Peer 1: 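Let me give you the structure first, and then I'll get to my questions.
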Amino acid sequence: MSFEDFVAGYGRSLVRLAFVLSGDRHMAEDLAQTVLADAYRHWKRVRAAADPEAYVRRMLVNAHLSWRRRRWTTERPTDLRQQTGATVADPADAVAARDQMRVLLSRLAPRARTVLVLRYFADLDDAAIAAAMGVSESAVRATASRALASLRPAAIDARTETR
């Protein structure tokens, strides 16, 4: 498989994954572009991997987590709702629910958010998530459990506010 074929087949899914991880379209495009540039530089190693898509996905997760660590020390993030402006009432309940979930996910720690995104958005099992993040499967399960436990009260509060 050539690099061009790889990008044509998996490029859009990498940008979508980066968007769900970062919550920002521009950052997602930057992350995907950076990872694909690195993959191109090391294409022989990527192509030789048992699963090149998983290899590049791990590169994306690592790049995202590195960016979050660097950003935390140099920038002070603002409230995500302030960046997007006033929320406009949308007649589609599904769109509103996804937006609420995006905001709730943005409040999680980067590692917890990454575990939940890889589990529920990328539909990976614990072993694949552990491989992508470089942690043990039990750490993935514990992180997911704590993240879901912290999301439950916030999700209930968000539902009662909209009623």
Side-chain angles (χ1 to χ4, degrees), residues 1-80 83-84 94-95 97-151 155:
M1 171 188 299
S2 71
F3 179 75
E4 292 80 11
D5 293 338
F6 178 83
V7 172
Y10 299 107
R12 292 176 60 110
S13 66
L14 288 172
V15 173
R16 283 192 305 267
L17 178 60
F19 174 73
V20 175
L21 286 170
S22 67
D24 180 85
R25 174 176 287 134
H26 301 293
M27 179 52 63
E29 291 170 353
D30 288 347
L31 277 171
Q33 182 177 1
T34 301
V35 166
L36 287 173
D38 288 344
Y40 179 75
R41 262 197 320 270
H42 305 288
W43 184 242
K44 287 181 183 176
R45 189 177 338 151
V46 172
R47 186 178 52 208
D51 186 0
E53 181 188 11
Y55 191 97
V56 175
R57 187 173 44 238
R58 174 149 187 188
M59 290 172 66
L60 180 72
V61 168
N62 289 342
H64 166 68
L65 292 174
S66 294
W67 171 79
R68 294 289 295 186
R69 282 190 292 269
R70 279 193 308 271
R71 180 176 177 219
W72 184 254
T73 61
T74 60
E75 297 178 16
R76 296 289 178 217
T78 60
D79 188 7
L80 189 58
Q83 291 177 359
T84 59
V95 173
R98 281 194 306 266
D99 187 54
Q100 279 183 340
M101 186 53 64
R102 183 182 54 81
V103 170
L104 292 175
L105 283 173
S106 71
R107 295 177 185 161
L108 290 175
R111 181 175 171 170
R113 179 182 176 147
T114 301
V115 166
L116 292 183
V117 166
L118 291 176
R119 178 179 279 179
Y120 295 107
F121 179 77
D123 200 26
L124 299 179
D125 61 357
D126 291 343
I129 296 169
M133 294 182 66
V135 297
S136 68
E137 288 183 46
S138 61
V140 169
R141 287 189 296 272
T143 302
S145 176
R146 285 191 301 271
L148 290 172
S150 70
L151 282 179

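As the structure is a computational prediction, the values presented were derived from the model and not from experiment.
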Peer 1: Going by heavy atoms in the side chains, are Leu104 and Arg107 under 4.5 Å from each other?
Peer 2: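 The answer is yes; the side chains approach within 4.5 Å.
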
Peer 1: Does any N or O in the side chain of Ser66 come within less than 3.5 Å of the main-chain N or O of Ala63, such that one atom is a donor and the other an acceptor?
Peer 2: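 The answer is no, because no donor-acceptor pair under 3.5 Å joins these two groups.
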
Peer 1: Would you name the heavy atoms of Asp5 and Met1 that are closest together and state the gap between them?
Peer 2: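 Looking at all heavy atoms of both residues, the shortest contact is CB-CG, 3.9 Å.
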
Peer 1: Any idea which heavy atoms bring Ser150 and Leu108 closest together, and the distance?
Peer 2: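 Smallest heavy-atom distance, with atoms named: OG-CD2, 3.3 Å.
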
Peer 1: For the OG atom of Ser22 and the CG atom of Leu17, what is their distance to the nearest 0.5 Å?
Peer 2: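 If I round to the nearest 0.5 Å, the distance is 9.5 Å.
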
Peer 1: If you look only at distance, which donor and acceptor atoms sit under 3.5 Å apart when one is on a side chain in residues 34-42 and the other is two or more places apart or in another chain?
Peer 2:
{"from": "Thr34", "atom 1": "OG1", "to": "Asp30", "atom 2": "O", "distance (Å)": "2.8"}
{"from": "Asp38", "atom 1": "OD1", "to": "Arg41", "atom 2": "NH2", "distance (Å)": "2.2"}
{"from": "His42", "atom 1": "ND1", "to": "Arg45", "atom 2": "NH2", "distance (Å)": "3.2"}

Peer 1: Can you confirm whether Glu53 is buried at CD, in the sense that more than 12 heavy atoms of other residues, nucleotides or ligands lie under 6.0 Å from that atom?
Peer 2: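 Counting neighbours around CD of Glu53, more than 12 heavy atoms of other residues, nucleotides or ligands fall under 6.0 Å, so yes.
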
Peer 1: Which value, rounded to the nearest 0.5 Å, describes the distance between Glu29 atom CD and Phe19 atom CZ?
Peer 2: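 One finds 10.0 Å between CD of Glu29 and CZ of Phe19.
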
Peer 1: Taking side chain as C-beta onward, heavy atoms only, is Leu14 less than 4.5 Å from Leu31?
Peer 2: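 Not touching, per the 4.5 Å side-chain cut-off.
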
Peer 1: Is any side-chain heavy atom of Arg16 closer than 4.5 Å to a side-chain heavy atom of Val20?
Peer 2: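 When only atoms from C-beta onward are counted, Val20 and Arg16 do not touch, as no gap falls below 4.5 Å.
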
Peer 1: Decide yes or no for Arg58 and Val61: does some side-chain heavy atom of the first lie under 4.5 Å from some side-chain heavy atom of the second?
Peer 2: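 SC-SC contact between Arg58 and Val61 ruled out.
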
Peer 1: Locate the shortest heavy-atom distance separating Ala112 from Thr143; write the atom from each residue and the value.
Peer 2: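 So the minimum-distance heavy-atom pair works out to CA-CG2, 3.6 Å.
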
Peer 1: Name every donor-acceptor pair, under 3.5 Å, that has one atom in a side chain of residues 115-123 and the other anywhere in the protein, sequence neighbours excluded.
Peer 2:
{"from": "Arg119", "atom 1": "NH2", "to": "Asp126", "atom 2": "OD1", "distance (Å)": "2.5"}

Peer 1: Mark yes or no for whether Arg113, through its side chain, and Leu21, through its backbone, hold a donor-acceptor pair below 3.5 Å.
Peer 2: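 Indeed, once roles are kept as given, a pair shorter than 3.5 Å links the two residues.
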
Peer 1: Checking Arg102 against Asp99 for the side chain to side chain contact (heavy atoms under 4.5 Å, CB included) test, could you report, in this order, the C-alpha distance in whole Å, the side-chain angles of both residues, the deciding distance, and whether it holds?
Peer 2: CA-CA 5 Å; Arg102 183 182 54 81; Asp99 187 54; 2.5 Å; yes

Peer 1: Taking side chain to side chain donor-acceptor pair (under 3.5 Å) as the definition, give me every residue that meets it alongside Ser13, ordered by chain and number, with sequence neighbours left out.
Peer 2: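 Side chain to side chain donor-acceptor pair (under 3.5 Å) list for Ser13, sorted by chain: empty.
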
Peer 1: Find the distance between OH (Tyr10) and CZ (Arg57) and round it off to the nearest 0.5 Å.
Peer 2: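 Tyr10 atom OH to Arg57 atom CZ measures 9.5 Å (nearest 0.5 Å).
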
Peer 1: Measure the spacing between CE of Met133 and CG of Leu65 and express it to the nearest 0.5 Å.
Peer 2: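 Output value for this atom pair is 5.5 Å.
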
